[in-house]
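Chain letters run A, B, ... following the sequence lines, proteins first, then strands; residues in each count from 1. Not measured: the values here are computed from a predicted model.
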Number of protein chains: 2
Amino acid sequence: MAAELKKYKTKLRDHGLKITEKRMTMIELFLKEDRYLSAKEVQEQLHKIYPSLSYDTIYRNLYTLKEIEVLENTNFEGEMQFKISCSDHHHHHFICEECGDTKVIHYCPVETWQSELQDVEITNHKVEIYGLCAACK
Amino acid sequence: MAAELKKYKTKLRDHGLKITEKRMTMIELFLKEDRYLSAKEVQEQLHKIYPSLSYDTIYRNLYTLKEIEVLENTNFEGEMQFKISCSDHHHHHFICEECGDTKVIHYCPVETWQSELQDVEITNHKVEIYGLCAACK
DNA sequence: TTATTATAAAGGAATCATTACGATTTGTAA
DNA sequence: TTACAAATCGTAATGATTCCTTTATAATAA
């Protein structure tokens with residue numbers, strides 16, 4: 001995992017951000033879990049290592065890491081969830097409502113939508129697909 | 001608008017719900033605005049008529065009306081927004097980020113997604129398309 | 001390596017959306 | 001018109017997120 005972490009360190013440095021222990025621990029957590037985590041889950045996990053970690057730090061870093069595209073986020077039932085950003089190409093996710101496992105979905109019909117609404121300019125979109133994964137079904 | 005309202009009264013009655021003044025006023029507001037409104041906006045509008053209207057009533061009715069498909073909702077920037085449900089067939093929305101105007105989008109590739117992920121069972125999905133409408137562009 | 005400086009984190013209070021709940025009122029059916 | 005269940009009120013509680021001031025720490029230059 002060391003090489004993997006190096007990549008993230010470079011990314012932080014390239015954005016003029018400091019490489020702090022808490023940021024790196026957060027990234028490691030997201031790499032290990034590889035699923036959507038809420039701020040609260042992050043707090044619970046990191047509290048074991050840093051008993052005094054504040055929510056301010058968690059939220060600030062979650063959004064900082066999102067800005068530099070280390071994380072991606074989605075609002076699920078009024079709670080913002082974050083996961084490690086999995087690849088560079090455009091994609092969406094299937095999310096298992098039972099276990100929270102996610103799968104990448106490649107097909108995205110944004111061009112079809114744009115051609116259906118010729119007079120508007122689509123700048124972004126949100127697609128999320130929910131259901132039961134093979135294991136939970 | 002009277003005939004329009006009658007339709008909603010029937011819908012409420014058919015679901016065994018009471019036709020209350022506040023519910024009807026809420027429906028009228030959504031019909032008049034025809035766009036996504038937050039609970040707070042609903043409160044502000046209805047407060048003029050019912051100075052003591054409680055949030056409990058607003059939220060309960062918003063979700064009640066959603067249950068019987070009078071309203072549809074979406075979470076936008078951590079706040080739940082509601083709009084009058086515009087038709088009976090499955091569709092999604094384009095939402096103008098400038099003026100909040102919405103347009104119906106008919107194309108939905110849920111079958112394509114299901115065939116891309118054959119081993120999972122898709123139970124529901126969320127699609128929202130953002131951008132600038134013709135007027136705001 | 002040390003000193004400097006700017007960014008990050010701590011600790012805790014504040015805010016915002018949403019929900020909960022006992023007491024009271026209102027719509028509906030008999 | 002009455003009785004009862006459903007809806008509303010008034011207000012408190014909750015949960016997620018943000019703000020603020022002080023303190024600590026990482027990066028950088030000497």
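Bounding nucleotides for the chain A contact on DNA chain D, 5' to 3', at a heavy-atom distance below 4.0 Å, are dA16(D) to dA27(D).
Atom NZ of Lys22(B) and atom P of dG27(C) are 9 Å apart (whole Å). A straight line from CD of Glu77(A) to P of dT19(C) spans 11 Å, rounded to a whole angstrom. Put simply, CZ on Arg60(B) is 17 Å from C1' on dA17(C), counting in whole angstrom units. Rounded to a whole Å, the CG atom of Leu37(B) is 14 Å from the P atom of dA17(C). The distance between atom CD1 of Ile58(B) and atom P of dT18(C), rounded to the nearest whole Å, is 11 Å. The separation between Leu62(B) atom CG and dA17(C) atom P is 14 Å, rounded to whole Å. In this structure, Glu21(B) atom CD and dT28(C) atom C1' are separated by 16 Å, rounded to whole Å. Rounded to an integer number of Å, the gap from CZ of Phe76(B) to C1' of dA17(C) is 16 Å.
More than 12 heavy atoms of other residues, nucleotides or ligands lie within 6.0 Å of NZ in Lys137(A), so this atom counts as buried by the packing criterion. Within 6.0 Å of atom CD in Glu44(A), more than 12 heavy atoms from other residues, nucleotides or ligands are found, so the atom counts as buried in its surroundings. The local environment of NZ in Lys66(A) is sparse, with at most 12 non-hydrogen atoms from other residues, nucleotides or ligands closer than 6.0 Å.
At a cut-off of 3.5 angstrom, counting only N and O atoms as typed in the model, there is no donor on one side facing an acceptor on the other between the side-chain of Lys18(B) and the base of dT28(C).
For the pair Gln114(A) (side chain) and Ile122(A) (backbone), a donor-acceptor distance under 3.5 Å is present.
When each of Ser38(B) and Ile19(B) is assigned the nucleotide of DNA chain C bearing its nearest heavy atom, the one mapping closer to the 5' terminus is Ser38(B).
Applying the 4.0 Å criterion to OP1 and OP2 of dT18(C), one finds that Tyr59(B) has a side-chain N or O inside that range. Neither OP1 nor OP2 of dA8(C) sits under 4.0 Å from any side-chain N or O of Asn61(A).
Exactly one of His89(B), His90(B), His91(B) qualifies for a side chain to side chain donor-acceptor pair (under 3.5 Å) with His106(B). That residue is His89(B).
A single hydrophobic cluster is not seen to contain both Leu132(B) and Tyr36(B); linkage of ILVMFWY side chains at heavy-atom distances under 4.5 Å, directly or through other members, places them apart.
Backbone-only contact: Ser52(A) has heavy atoms under 4.0 Å from sugar-phosphate atoms and none from a base. Residue-level contact check: Thr20(A) touches the backbone only, with heavy atoms under 4.0 Å from sugar-phosphate atoms and none from bases.
Which of dA10(C), dA8(C), dT18(C) sits closest to the side chain of Leu17(A) comes down to dA8(C).
Defined by atom type and a distance below 3.5 Å, a donor-acceptor pair is missing between the side-chain atoms of Tyr50(B) and Thr57(B).
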